[in-house]
**Q** 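Got a structure for you, written out below as C-alpha cells; questions coming shortly.
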Amino acid sequence: MTTTPQAVRRASPRTRRPATPAAPDPSAGLLPQTEPVRLLDPDGTPLPPRDDYPEPPVEALREMYRRMVVGRRFDIQATALTKQGRLAVYPSSRGQEACQVGAVLAVRDTDWVFPTYRESMALTSRGIDPVEVLTLLRGDWHCGYDPAERHTAPQCTPLATQCVHAAGLAHGEAYQGRDTVALAFIGDGATSEGDFHEGVNFAAVFKAPVVYFVQNNKYAISVPLSRQTAAPSLAYKGVGYGVPSEQVDGNDPVAVLAVLTRAVEHARAGHGPFLVEAHTYRMEPHTNADDATRYRDGAEVEAWRDRDPIARLETYLRARGVLDDAAVAAIADEAEAYAAELRDRMNAKPTVDPLSLFDHVYAQPTPQLVEQREQVRAELADADEEGER
Ligand SMILES: Cc1ncc(C[n+]2csc(CCOP(=O)(O)OP(=O)(O)O)c2C)c(N)n1
Ligand SMILES: [Mg+2]
C-alpha cells in the first residue's frame, strides 16, 4: 500500500489541532417546531399554557368566534348564490375559518392584507361590504372595494404574485418610517411558484415587515400535498431564505391567533419577515365548478369534519364561562340576518356601465383604447335601439 502525502499529514501528531468549539447553528431560531403549535385539543380541551405562545385575551377569542360564525354563514350564502346564477364562481374557505379570521384579528386596520381568491371570508371579516367583496367573482372588471382605503390589495388569482407585492409595499412603508405590516395569504400549491420564493427572498434581504401566511389546506385544486412538495413541511421553506418560521394547527383558533400575533409583532419590531404555515383543510371543492369526489375520498373529508374550528372554539369558550346558549343564539341570528341582506342585495340587478372599463387603464388613454371605447359605445347604442339591453 502506498502512503499519500495527505495521509501522512493527517496522521502526524505534530499537525493535529485542538478541537475547536462547535460553531453556532446558523439555522437556530429559523426552523419551525417539529409539531404544529396547538393550544386546544381537537375537542376544545385546553392544553397546558406555554411561554412561547401566550393565549390571546378572552375578549379577542370571543370576537373571533363571532366573526367565524358570521364568516361561515357568508361562505354558505356565497356558494348558494353561484347555484342561483348570481355569482360567476366562488372558492369556499369553509373549514378554514380560524385562519381567515385569525389573520385579520392579528393585524391592525392600518396594516395591509394581500389576499388570494380564497380569502373572501377574511375580507368580510375585516369589515369590507360583502357585496363589494363579491364584485370580482360576480364578473366585474374591478375588485369592488378601494384597496387604498381598506389597506387590502385586490384578491389575487395569478398564484403567488401577491407575495412580491407584499414585499414591495412593506419595504416601501418601512423606508418611509411607518410601522405598517403586510400580511400575504398564500396556498400550499402556490409555494411552488417562483413569485413566492422571490417575494420571501426580497423581504428577507431587505428585512421587510411581511408575514407570509401559508394556508396548507392539503390541495391545489386536485393536486394533493404529497405531489406538491417533498419538504418536511411548508414552514421549512423559510430557512433557506433566512426567514424564521412556525407551523400551527390551522383548525385551532386559539393557536392560530397566538402564532400570528407573534409573527406580526416580530415583523413590526423590525426583525424582517416571518413565515407561518397553518395545517388546515378545504372542506368544499376548489370552487363550485370543481368535483372533488373525483380525486379525494369522502372518509378523508369526514375525518376533518371532526376537527371543526368553530365547534372547537365554542366548546372552549363555553367551558370558560364566556359563552352561553343566549350568546350563541344571538350570534347565529346575526349571521342569518347578514346572509339574508347579502341575498337580497345580490338578487337586485346590478347597474354596470361597460364604458367605465376604459376609464382607469391609463391617465391618458392610448389611441387604441379610444378606438375600442368608441366601438363598445356604438355597440351599446345599437343594443339600446333594438331593445336588447
Ligand atoms: C400562475 C398561476 N398558475 C396556475 C393557476 C391556476 N390555479 C388556480 S388555483 C390553483 C391551485 C392553487 O392551490 P393552492 O395554492 O393550494 O391554493 P388553494 O386554492 O388551495 O387555496 C391553480 C393551479 C393560476 N391561477 N395562476
Ligand atoms: Mg391549497
Side-chain angles (χ1 to χ4, degrees), residues 42 64-65 67-104 115-125 130 133-139 155-157 159 185-191 213-228 234 249-253 256 277-314 332 335-336 338-339 342-343 346:
M64 190 172 186
Y65 173 79
R67 291 197 202 189
M68 285 166 69
V69 170
V70 175
R72 175 170 295 179
R73 188 63 191 85
F74 160 80
D75 193 80
I76 291 169
Q77 189 58 55
T79 301
L81 286 166
T82 62
K83 295 182 179 148
Q84 294 155 3
R86 294 295 184 194
L87 206 52
V89 65
Y90 182 70
S92 165
S93 47
R94 184 158 183 174
Q96 300 177 215
E97 290 87 353
C99 297
Q100 297 279 313
V101 175
V104 164
T116 79
Y117 49 86
R118 194 160 307 282
E119 269 70 65
S120 296
M121 191 193 295
L123 303 196
T124 56
S125 171
V133 170
L134 295 176
T135 301
L136 186 69
L137 298 170
R138 213 175 189 183
Q155 285 181 274
C156 211
T157 296
L159 298 179
F185 287 92
I186 178 155
D188 43 286
T191 65
F213 182 37
V214 183
Q215 284 173 94
N216 174 2
N217 64 5
K218 308 295 179 281
Y219 288 90
I221 314 184
S222 56
V223 178
L225 191 70
S226 58
R227 303 294 287 169
Q228 190 64 247
L234 299 172
D249 179 336
N251 285 26
D252 174 350
V256 169
E277 176 193 17
H279 295 268
T280 183
Y281 194 78
R282 196 194 76 208
M283 296 301 290
E284 294 289 312
H286 174 68
T287 68
N288 54 295
D290 171 43
D291 176 3
T293 62
R294 292 178 64 182
Y295 56 84
R296 71 180 185 185
D297 194 16
E300 181 184 288
V301 182
E302 284 316 305
W304 278 90
R305 217 173 284 287
D306 292 340
R307 301 187 217 173
D308 184 83
I310 297 185
R312 195 161 170 179
L313 186 57
E314 183 177 327
E336 273 318 308
Y338 187 92
L342 173 61
R343 197 166 50 232
M346 292 292 285

**Q** Are Ser125 and Phe74 packed together at the side-chain level, in the sense that at least one heavy-atom pair is separated by less than 4.5 angstrom?
**A**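 No; the side chains remain at least 4.5 Å from each other.
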**Q** If I compare all heavy atoms of Ala278 with all of Cys99, which pair ends up nearest, and what's the gap?
**A** CB-SG, 3.7 Å
**Q** If you measure from CZ on Arg296 to OG on Ser222, what distance do you get to the nearest 0.5 Å?
**A** 11.0 Å
**Q** Given Asn217, which partner from the list Gln96, Arg282, His279 fulfils the side chain to side chain donor-acceptor pair (under 3.5 Å) test?
**A**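 Output: one option passes, namely Gln96.
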**Q** For the residue pair Asn251 and Asp308, establish whether any side-chain heavy-atom pair is separated by less than 4.5 Å.
**A**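 In short, these two side chains do not touch, never coming nearer than 4.5 Å.
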**Q** Any heavy-atom pair between the side chains of Asn288 and Leu87 that's under 4.5 Å?
**A** no
**Q** Can you label the angle between the Trp304 ring and the Tyr281 ring as parallel, tilted or perpendicular, going by 30° and 60°?
**A**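 Taking Tyr281 first and then Trp304, their aromatic rings lie parallel (interplane angle under 30°).
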**Q** Please check this pair: side chain of Glu97 against backbone of Gly95, looking for a donor-acceptor N/O pair closer than 3.5 Å.
**A**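 The answer is yes, because a donor-acceptor pair under 3.5 Å joins these two groups.
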**Q** Return yes when atom CZ of Arg343 has more than 12 non-hydrogen atoms of other residues, nucleotides or ligands closer than 6.0 Å, and no otherwise.
**A** yes
**Q** Of all the heavy-atom pairs spanning Gly102 and Met64, show the shortest one and how long it is.
**A**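 Closest pair (atom of Gly102, atom of Met64, distance): CA-CE, 3.6 Å.
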**Q** Could you measure the distance from the OG1 atom of Thr82 to the CD atom of Gln77? Nearest 0.5 Å is fine.
**A** 10.0 Å
**Q** Measure across Ala98 and Val256 and return the closest heavy-atom pair with its distance rounded to 0.1 Å.
**A**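 Answer, listing the atom of Ala98 first, then Val256: O-CG1, 3.5 Å.
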**Q** Would Thr191 and Asn216 count as a side chain to side chain contact (heavy atoms under 4.5 Å, CB included) here? Give the steps.
**A** CA-CA 10 Å; Thr191 65; Asn216 174 2; over 6 Å; no
**Q** Quick one: closest heavy-atom pair of Arg227 and Val223, and the distance?
**A** CB-CG1, 3.9 Å
**Q** With side chains defined as the heavy atoms from C-beta onward, is the minimum distance between Val101 and Pro253 less than 4.5 Å?
**A**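 The answer is no; the side chains never approach within 4.5 Å.
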**Q** For residues Lys218 and Asp188, determine if any side-chain heavy atom of one lies less than 4.5 Å from a side-chain heavy atom of the other.
**A**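 Side chain of Lys218 against side chain of Asp188, heavy atoms only: no contact under 4.5 Å found.
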**Q** Say you draw a straight line from CD1 of Ile186 to CD of Glu119; how long is it, rounded to the nearest 0.5 Å?
**A** 10.0 Å
**Q** Are the side chains of Tyr338 and Val69 in touch, meaning some heavy atoms are under 4.5 Å apart?
**A**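 Result no, sub-4.5 Å side-chain heavy-atom pair not found.
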**Q** In this structure, which one of His286, Gln100, Gln155 forms a side chain to side chain donor-acceptor pair (under 3.5 Å) with Arg118?
**A** His286
**Q** What class does the angle between the rings of Phe185 and Phe213 fall in, given that below 30° is parallel, 30 to 60° is tilted and above 60° is perpendicular?
**A** tilted
**Q** If you compare all heavy atoms of Gln228 against all heavy atoms of Ala220, which two are closest, and at what distance to 0.1 Å?
**A** NE2-CB, 3.6 Å
**Q** With rounding to the nearest 0.5 Å, note down the distance linking CZ in Arg305 to CE in Met283.
**A**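 Reported value, rounded in 0.5 Å steps: 4.0 Å.
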**Q** Is Arg94 close to Arg72 at the side-chain level, that is, under 4.5 Å between some pair of heavy atoms?
**A**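 A side-chain contact exists here, since the closest heavy-atom pair is under 4.5 Å.
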**Q** Take Leu342 and Leu134 through the side chain to side chain contact (heavy atoms under 4.5 Å, CB included) test and state the conclusion after the steps.
**A** CA-CA 10 Å; Leu342 173 61; Leu134 295 176; 4.1 Å; yes
**Q** Ignoring hydrogens and geometry, is there a side-chain-to-backbone donor-acceptor pair from Glu277 to Leu234 under 3.5 Å?
**A** yes
**Q** Find out whether Asp75 and Ser93 are in side-chain contact, i.e. whether some heavy atom of one side chain is under 4.5 Å from a heavy atom of the other.
**A**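 Answer yes - side chains close enough.
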**Q** From Gln215 CD over to Thr280 OG1, what is the distance, rounded to the nearest 0.5 angstrom?
**A**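 Rounded to the nearest 0.5 Å, the CD-OG1 separation comes out at 7.0 Å.
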**Q** From Thr287 OG1 over to Tyr90 OH, what is the distance, rounded to the nearest 0.5 angstrom?
**A**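 Reported value, rounded in 0.5 Å steps: 11.5 Å.
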**Q** For the residue pair Ala122 and Val104, what are the closest heavy atoms and their distance?
**A** O-CG2, 3.2 Å
